[in-house]
Amino acid sequence: MVQAGEDAEAVCQQDLPQALKLLFEMNESADKVSSLVDSMLSQVKRGELATEEGLSFLEVKYHTLLSYLINLSHVVLRKVSGASIYNEPCIDRLVELRTVLERLRPIDKRLKYQIDKLVKTAVTGESSDASSFRANPDNMVSKLDEDADVNEDEDAATEKKSVYVPPKLAPVRYDWDESAASRQEKLLERAKRRALSSAMVRELREEFLDAPTELGSRVDSGAGPSGPSKEDRERQEYEETYFTRLPETKDKRKKRKLPTIGSLANELTNFESDFRVLEGEVMPTKKRKSSKKPTGKKGKKGFKKRKSR
Amino acid sequence: MTEGTATIRTRKFMSNRLLNRKQMVVDVIHPGQASIAKTVIREKLAKMYKAPADTIFVFGFKTAFGGGKTTGFGLIYDTLDFAKKFEPKYRLARHGLYERPKTTRKQRKERKNRMKKVRGTKKTKVGAAAAKKV
């Protein structure tokens, strides 16, 4: 900190003559300005400057802005040097200039187009033709309507084909341009994996391989051949994270009471396809839910029977 | 029949500073036996974690199908005061630290309806007087 103080002093020593010079210059220019202003005032009083038509709009604008800035800097100066601004005349002037600026704004908005045009011609130096300031109807057509016009033409063309395109309401699987062949391949692979872990294959493995037999270590949490199902795993994770026990659902209770209901017969009878898929002979078939039984008297089948009579 | 042959393992151990406790998933492996009593599990946990057994609360034990393994949850509070503050009443009641009011739901509702008929400080009198009625 002492070093910094010393450096500051050195800098001050350097800047001192420069600062003095600048202040001297400022004094001189202030004197010049005051003399100019006096001469101008005397000119106006003598009537040499034309003030009959008043000031133009733009001149008023920048004069007010300038005065506003000057007054503002005065207020800032007073505040910075710790003096109060109570009952300062510059505050009243500021308010007055502010109201003038606010009044100028809507007029400014209305003149905006003409002023822009003038500026453009001044910059580009193009024709001073008065007709170039007329209205441009092309600017009235909005850019958005152009696309609508294009679409209307296309729709008129497709209408001739009269193909019905259904509305896309529900989300549908997206194949990312997967070919039918690769899809078949994937299905085949999945079917093979399923076949390898089926009950039949597991029993064969137990019979012919030398691995020791594993008793049912994972019977409930490991319900399926590859451990717990996704649902069971999710439930377990939830229970362990939130320290709660979720209540048992109805189907789970039924499964617990009668574990093989509805599934044992299928397991026993659907083993041919597994081997065939492994050998690559047969393509994997889609799983189809068994058709519903005839729904009794009031069902569709009953109705048909009656009609056929 | 064979006692003490159960193994206790804890998983997902977490020290929950917000509730001043340690919480974990408790796996009890007891091949060939019925599931172990909660008091025994508490004592074993007390030995494992060197905490007094009365600050340990275990619950939610489910035996896997086929037997042999039971999974549940365990909480070990820093002090008994924290336990009394944070544990739900039913679990405190299991340890004997809390007694539920013996009034039945019907009685409470009847008392409330009797109190509705009276205004102000007479409410308390009504409740007590009507309860004493046979």
Side-chain angles (χ1 to χ4, degrees), chain A residues 194 197-207 211-268, chain B residues 5-35 38 41-42 45 49 55-77 82-83 85-92 94:
Chain A
R194 243 187 319 204
S197 58
S198 71
M200 185 78 17
V201 174
R202 265 190 295 147
E203 281 182 29
L204 288 173
R205 211 178 278 154
E206 219 183 287
E207 214 182 302
T213 51
E214 294 170 9
L215 289 175
S217 55
R218 26 188 195 103
V219 185
D220 187 36
S221 66
S226 58
S229 66
K230 191 161 163 233
E231 213 184 289
D232 285 331
R233 248 185 296 137
E234 277 181 18
R235 187 188 290 126
Q236 264 183 39
E237 270 192 48
Y238 181 89
E239 285 185 346
E240 287 179 3
T241 347
Y242 293 99
F243 268 61
T244 47
R245 286 288 179 203
L246 294 168
E248 210 174 25
T249 51
K250 205 193 247 179
D251 3 313
K252 256 253 161 176
R253 210 177 336 130
K254 280 193 190 151
K255 274 221 145 183
R256 194 163 47 89
K257 297 264 169 76
L258 302 163
T260 54
I261 191 168
S263 58
L264 187 60
N266 285 343
E267 268 183 34
L268 290 175
Chain B
T5 55
T7 328
I8 293 192
R9 284 211 210 110
T10 59
R11 279 188 293 134
K12 299 203 175 179
F13 180 88
M14 187 172 85
S15 134
N16 187 343
R17 288 294 98 217
L18 297 167
L19 296 173
N20 308 103
R21 71 186 185 197
K22 306 186 188 94
Q23 54 196 46
M24 68 214 76
V25 175
V26 177
D27 280 341
V28 185
I29 297 160
H30 47 90
Q33 303 162 47
S35 39
K38 285 200 282 273
I41 297 176
R42 277 171 65 205
L45 277 177
Y49 286 92
T55 56
I56 301 182
F57 292 79
V58 288
F59 61 98
F61 280 96
K62 281 246 161 83
T63 312
F65 192 79
K69 183 166 160 185
T70 309
T71 314
F73 309 113
L75 310 167
I76 305 177
Y77 283 89
F82 284 128
K85 194 169 157 200
F86 293 123
E87 275 292 280
K89 299 280 186 279
Y90 73 94
R91 262 184 245 152
L92 292 172
R94 282 182 192 174

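Numbers restart at 1 for each chain; the letters A, B, ... are given by sequence-line order, proteins then strands. These numbers come from the heavy atoms of this one structure, side chains and all, not from hydrogens, waters or symmetry mates.
- Residues B:L75 and B:R91 are in side-chain contact: their nearest non-hydrogen atoms beyond the backbone lie under 4.5 Å apart.
- B:F57 pairs by the ring-ring contact (aromatic ring centres under 6.0 Å, His included) definition with B:Y77, B:H95, not counting sequence neighbours.
- When the salt bridge (Lys or Arg N to Asp or Glu O under 4.0 Å) test is applied to B:R94, no partner is found at least two apart in sequence or on another chain.
- For A:R233, there are no salt bridge (Lys or Arg N to Asp or Glu O under 4.0 Å) partners, not counting sequence neighbours.
- For A:K254 and A:D251, the salt-bridge test fails: no basic side-chain N is under 4.0 Å from an acidic carboxylate O.
- For residues 12-26 of chain B, a heavy-atom distance under 4.5 Å to chain A picks out B:K12, B:Q23, B:M24, B:V25, given by residue number.
- With a threshold of 4.5 angstrom between heavy atoms, B:K62 approaches chain A through its backbone and through its side chain.
- Between B:F82 and B:F86, the ring planes lie parallel to each other; the angle is under 30°, not in the 30° to 60° tilted range.
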